[in-house]
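Every value quoted in this text rests on a predicted model; they were computed, and no experiment measured them. Hydrogens, waters and symmetry mates are skipped; everything else that's a heavy atom, side chains included, is used. Sequence lines set the chain letters: A, B, ... in the order given, protein chains first and strands last, and positions in each chain run from 1.
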Number of protein chains: 2
Amino acid sequence: MDIPMDAKQIHHGKESASCPMDFILRMLMGPWTTYILYNLKTHGPQRFGELKRRVAGISAKMLTERLRTLEGASLVRRDYEATIPPKVTYSLTQRGHELDDVLGKLAEIGMRWEAEDAALRAARAAELKAAE
Amino acid sequence: MDIPMDAKQIHHGKESASCPMDFILRMLMGPWTTYILYNLKTHGPQRFGELKRRVAGISAKMLTERLRTLEGASLVRRDYEATIPPKVTYSLTQRGHELDDVLGKLAEIGMRWEAEDAALRAARAAELKAAE
DNA sequence: CCGTATCCCCGGGGATACTG
DNA sequence: CAGTATCCCCGGGGATACGG
């Protein structure tokens, strides 16, 4: 299970006034964030370990930090049961679900682009083959 | 002009299959990316230096790298005129403009949340003041 | 089981100086 | 003007071990 790194991201935005969507993108942009939200949306409320298993490759430290941030932004809810062993369940809040539409649209566009690019590459490859 | 850093982001996604919007978010998530797209959308096609001035605090290295990535993803178009001095103009492609709606929606949600949070904080402050 | 604490490391990003 | 080249640095993130 190798975990390639592919994109690093630092945001230096001084004031969000110059870019209205900065506030919200700062949330979505966090590392792994989309995987987490996607899993919570798709598989419903689930426990820490479950989530960690699904978001393959994430470290406990990172998962904790992301969940805390999302909780702080009221996108995710944390339910703690002090049983033995303890049981912690995470779920999307109402606010979290407000992203469903946008994320769906984003997913649609992304997949369309991927498909278009793939088709283009295939066409190019076929062209090359025909030319030889 | 101090430039605070506030969010770092590494994406370790192995396969995008587990998260359909990963592909597109990888683009938008890049550092400064939203500022750049926002400026190109708002102020129209513009030259490298102009863009650099508007995206306050970005380094030439970073701006170049981001523009190249966006160009590679066909979101941004680069027009080069070999005059003296040379003139390079960047603009959104048609594909780049496909994001207008989603980004607008995202901006709307983000601003609403910000307003809600601000109102909540104000209410809390007032409550505290009344209590003393 | 659900985390935190500690250590260590690496590569992304700024600053500066330079070219076409 | 629009970048590249070089250097340097720091802090984010993984791994590991441990606590409640």
Side-chain angles (χ1 to χ4, degrees), chain A residues 1-14 26-27 29-36 39-40 45-72 76-91, chain B residues 1-14 26-27 29-36 39-40 45-72 76-91:
Chain A
M1 190 197 283
D2 59 320
I3 310 296
M5 303 166 90
D6 23 41
K8 188 157 203 174
Q9 164 139 161
I10 301 199
H11 226 86
H12 307 240
K14 199 162 42 174
R26 235 192 278 261
M27 291 301 320
M29 276 168 18
W32 301 98
T33 310
T34 55
Y35 291 110
I36 295 167
N39 270 298
L40 287 176
Q46 53 197 294
R47 304 179 58 181
F48 184 88
E50 230 175 319
L51 206 47
K52 184 169 185 314
R53 233 168 298 120
R54 283 226 178 78
V55 184
I58 195 172
S59 65
K61 185 181 175 182
M62 192 72 227
L63 183 53
T64 302
E65 188 268 335
R66 286 286 84 199
L67 286 170
R68 291 286 183 279
T69 303
L70 289 170
E71 199 191 349
V76 160
R77 175 180 169 173
R78 179 177 187 270
D79 289 296
Y80 180 81
E81 290 179 55
T83 53
I84 296 185
K87 181 175 176 181
V88 183
T89 308
Y90 293 93
S91 55
Chain B
M1 189 201 281
D2 59 321
I3 310 297
M5 304 167 89
D6 22 44
K8 187 157 204 174
Q9 160 137 169
I10 300 199
H11 227 87
H12 307 241
K14 201 163 42 176
R26 235 192 277 261
M27 291 303 318
M29 275 167 20
W32 303 97
T33 310
T34 56
Y35 292 110
I36 295 167
N39 270 298
L40 287 176
Q46 54 196 295
R47 304 178 58 181
F48 184 87
E50 230 174 319
L51 206 48
K52 183 169 187 314
R53 234 168 296 121
R54 283 224 178 79
V55 184
I58 196 173
S59 64
K61 185 180 175 184
M62 192 73 227
L63 183 54
T64 302
E65 188 269 334
R66 286 287 84 198
L67 286 170
R68 292 285 185 279
T69 304
L70 289 169
E71 199 191 349
V76 160
R77 175 181 169 171
R78 178 176 188 270
D79 289 297
Y80 180 81
E81 291 180 54
T83 54
I84 296 184
K87 182 175 176 180
V88 182
T89 308
Y90 292 94
S91 56

### Task
Applying side chain to side chain contact (heavy atoms under 4.5 Å, CB included), name anything that partners Glu71(A), two or more places apart in sequence or on another chain.
Arg68(A), Arg78(A)

### Task
Kindly write out the residues that satisfy side chain to side chain contact (heavy atoms under 4.5 Å, CB included) with Glu65(B), not counting sequence neighbours, or none if the list is empty.
Met62(B), Thr69(B)

Between atom [atom1] in [X] and atom [atom2] in [N], what is the gap in whole Å?
| X | N | atom1 | atom2 | result |
| --- | --- | --- | --- | --- |
| Trp32(A) | dG13(D) | CH2 | C1' | 11 Å |
| Leu51(A) | dC2(C) | CG | P | 10 Å |
| Arg53(B) | dG3(D) | CZ | C1' | 15 Å |
| Glu50(B) | dA2(D) | CD | P | 9 Å |
| Met62(B) | dG11(C) | CE | P | 17 Å |
| Leu63(B) | dG14(C) | CG | P | 11 Å |
| Gln46(A) | dC2(C) | CD | P | 11 Å |
| Arg66(A) | dG14(D) | CZ | C1' | 16 Å |

### Task
Without swapping roles, check the side chain of Gln46(A) against the backbone of Asn39(A) for a donor-acceptor pair under 3.5 Å.
yes

### Query
Is there a side-chain contact between Trp32(B) and Val55(B) (heavy atoms, below 4.5 Å)?
yes

### Message
I want to check something: taking the side chain as every heavy atom from C-beta on, are Leu70(A) and Met27(A) in contact at a cut-off of under 4.5 Å?
### Response
yes

Give me the distances for all protein-to-nucleotides 4-7 of chain C N/O pairs that come in under 3.5 Å?
residue: dT4(C); atom: OP1; partner: Arg68(A); partner atom: NH2; Å: 3.3

Under 3.5 Å, sequence neighbours excluded: what are the donor-acceptor pairs made by side chains of residues 79-86 of chain A?
residue: Asp79(A); atom: OD1; partner: Arg77(A); partner atom: NE; Å: 3.0
residue: Asp79(A); atom: OD1; partner: Arg77(A); partner atom: NH2; Å: 3.0
residue: Asp79(A); atom: OD2; partner: Arg77(A); partner atom: NE; Å: 3.3
residue: Thr83(A); atom: OG1; partner: Pro85(A); partner atom: O; Å: 2.8

### Query
Hey, is the side chain of Arg78(A) poking within less than 4.0 Å of OP1 or OP2 on dG3(C), counting only N and O atoms?
yes

### Task
Please state whether the phosphate of dC2(C), meaning OP1 or OP2, lies under 4.0 angstrom from any side-chain nitrogen or oxygen of Arg47(A).
yes

### Message
If you compare all heavy atoms of Leu40(A) against all heavy atoms of Tyr90(A), which two are closest, and at what distance to 0.1 Å?
### Response
CD2-O, 3.5 Å

### Summary
Shortest non-hydrogen pair, Arg66(B) vs Ile36(B), comes out as CB-CD1, 3.7 Å

### Query
To the nearest 10 degrees, what angle separates the axes at the start and end of the helix from dC1(C)-dG20(D) to dG20(C)-dC1(D), five pairs each?
50°

### Task
Give me the residues of residues 80-88 of chain A where at least one heavy atom lies under 4.0 Å from an atom of DNA chain C, by number, or none.
Pro85(A), Pro86(A), Val88(A)

### Task
Could you grab the distance from atom NZ of Lys52(A) to atom OG1 of Thr64(A), nearest 0.5 Å is fine?
9.5 Å

### Query
Taking it one step at a time, do Phe48(B) and Leu67(B) satisfy side-chain contact (heavy atoms from CB on, under 4.5 Å)?
CA-CA 10 Å; Phe48(B) 184 87; Leu67(B) 286 170; 4.1 Å; yes

### Task
Please report the C-alpha distance between Val88(B) and Arg47(B) in whole Å, then the side-chain angles of each, then the deciding distance to 0.1 Å, and finally whether the side-chain contact (heavy atoms from CB on, under 4.5 Å) criterion is met.
CA-CA 6 Å; Val88(B) 182; Arg47(B) 304 178 58 181; over 6 Å; no

